[in-house]
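Quick caveat: nothing in here was measured; it's all calculated off a predicted structure. Each ligand, and each atom within it, is numbered from 1 in the order the structure gives. Keep in mind that the numbers below use all heavy atoms, side chains included, and drop hydrogens, waters and symmetry copies.
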Amino acid sequence: MSTNPYSWLDKSLATIHRANWYRSVKAIASRPGAIVELSGKPVINFASNDYLGLAGDQRLIQAAIDATLAYGTGSTGSRLLSGHRELHRELEIAIAALKQTEDALVFSSGYLANIGTVAALVGQKDLIFGDQYNHSSLKKGAILSGAKTIDYEHNNIEDLRHKLEIHRTLYRHCLITTDSVFSMDGDLCPLPELMAIAEEFACMLLVDEAHATGVMGHTGAGCVEYFNCTGKELVQIGTLSKALGSLGGYVAGSASLIDFLRNRAPSWIYTTALSPGDTAAAKEAIKIVKEEYTRREKLWQNIHYLKQELSDLNLLPSESPILCIDLKTPEAALNKAQQLIEAGIFAPAIRPPTVPTSRIRLSLMATHERSHLDLLIENLRLRCAYPYGAQ
Ligand SMILES: *Cc1c(COP(=O)(O)O)cnc(C)c1O
């Protein structure tokens, strides 16, 4: 046996290239914002999750600097050992207040919040039903949990009901999981219907509010608020790294849920606590979400304007700041993204295997000005006003 045991890596990469699935990173050379510097030139940014424009906000930056000066760069350990600071608790109280839940727990990322929570809530005797378009972290959490996992068709309550009728009674606990704003399409889950069916079949329900927190609902609490489900017993998960402009994740819910997770979620127990800087920035962001409702208003004005102006293009259904223009092939999406970049517009092509169909994915910000949107519209019209995927 003289073959190199790593040689399959290059073969596998070649296959990825051939399928046009190859991805690589691009460096942004400026502060986050509506305009960023990419490859040495300014571009209008429709690629970030910084919906409220807070990641480059002076107040978050100052909060992170102050906390770093006071407490250092690293938290030095897990929360249960040396990593806990009063700042973490203050942030958790602020999240619980925004969500109107009894308590909350911050994780080092949204990904870790999802895998740790799912794996803690269900095990081998249990059952998970997940929307087929759920975020990777929910899907990996399901595998990690060891529970029987069944996907239901995207947002299809009848399919979910059918599968519950067949499988539910054969298992102990059952957990239904869904994104609230679907991250690659921008559409919403039917939360009231999911709550009703979860109750009917005695299932726990986990909603991932990663793209909804700060964006959806009257006070920015998310889709739970948007759908008038505030106060209902639910497992709400989210991230501090999208509209909140920082880094980290959270779970919000009942006091017993949070207490249980503090004792049973491995991705919380065995990882280093959030850094003081990230924690303080997220706390400042929640204060701004509460006080500056005009930011959310501006974001929604931008969403309505763009949707209206692009209504004759091939837009996927969306009720969020994520708007996708559907294209036929990965090559068409890559070409479109390249043409946009040449026009000074940064809007990424999203392709399989991340999504089933290729598209240009636009994400809007409160800090986009009308002129930014108009330039985008003009360039999309110029280049997308052909039948589906042409050029
Ligand atoms: C981004 C995202 C996550 C992961 O959050 P991070 O804090 O970036 O790890 C989880 N779920 C959904 C739906 C997301 O979009």
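Ranked by closest heavy atom to atom 7 (O) of ligand 1, the top entry among T178, V207, T239, I237 is T239.
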Stepwise side chain to side chain contact (heavy atoms under 4.5 Å, CB included) check, L323 with K307: CA-CA 8 Å; L323 295 175; K307 269 176 92 166; 3.7 Å; yes
Candidate pair F46 and H368, rule ring pair (Phe, Tyr, Trp, His ring centres under 6.0 Å), full reasoning: CA-CA 9 Å; F46 292 100; H368 281 135; 4.3 Å; yes
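In the vicinity of S183, heavy-atom distances shorter than 4.0 Å reach the ligand 1 atoms 15 (O). Which parts of ligand 1 touch A210 is read off a 4.0 Å heavy-atom cut-off, strictly below it: atoms 2 (C), 11 (N), 12 (C), 13 (C), 14 (C), 15 (O). Near S137, meaning under 4.0 Å from any of its heavy atoms, are these atoms of ligand 1: 10 (C), 11 (N). Proximity to D179 (heavy-atom distance under 4.0 Å) selects the following atoms of ligand 1: 13 (C).
Of the residues N134, D208, D131, T117, the one that meets the side chain to side chain donor-acceptor pair (under 3.5 Å) test with T177 is N134.
Among all non-hydrogen protein atoms, the one lying nearest atom 4 (C) of ligand 1 is Y111 N, 3.6 Å. Looking from atom 2 (C) of ligand 1 to the surrounding protein, the closest heavy atom is K242 NZ, 2.4 Å. Among protein heavy atoms, the minimum distance from atom 11 (N) of ligand 1 is reached at D208 OD2, 2.5 Å. Distance from atom 8 (O) of ligand 1 to its nearest protein heavy atom, with residue and atom name: S241 OG, 3.6 Å.
When only modelled atom types and interatomic distance are considered, Y226 and H218 share no side-chain donor-acceptor pair under 3.5 Å. In this structure, a donor-acceptor pair under 3.5 Å is absent between the side chains of Y133 and T178. In this model, no donor atom of one side chain and acceptor atom of the other lie less than 3.5 Å apart for R361 and S363. Counting only N and O atoms by type, the side chains of S275 and D278 include a donor and acceptor under 3.5 Å apart.
At least one N/O-N/O distance between H211 and ligand 1 falls below 3.5 Å. For G110, a nitrogen or oxygen atom sits less than 3.5 Å from a nitrogen or oxygen atom of ligand 1, counting backbone and side chain alike.
Taking a cutoff of 4.0 Å between a charged side-chain nitrogen and a carboxylate oxygen, D151 and K139 qualify as a salt bridge. Of the charged side-chain nitrogens involved, at least one lies within less than 4.0 Å of a carboxylate oxygen, so that K283 and E90 count as a salt-bridged pair.
Not a single heavy atom of G249 lies less than 4.0 angstrom from ligand 1. Close to ligand 1: G248, with a non-hydrogen atom less than 4.0 angstrom away.
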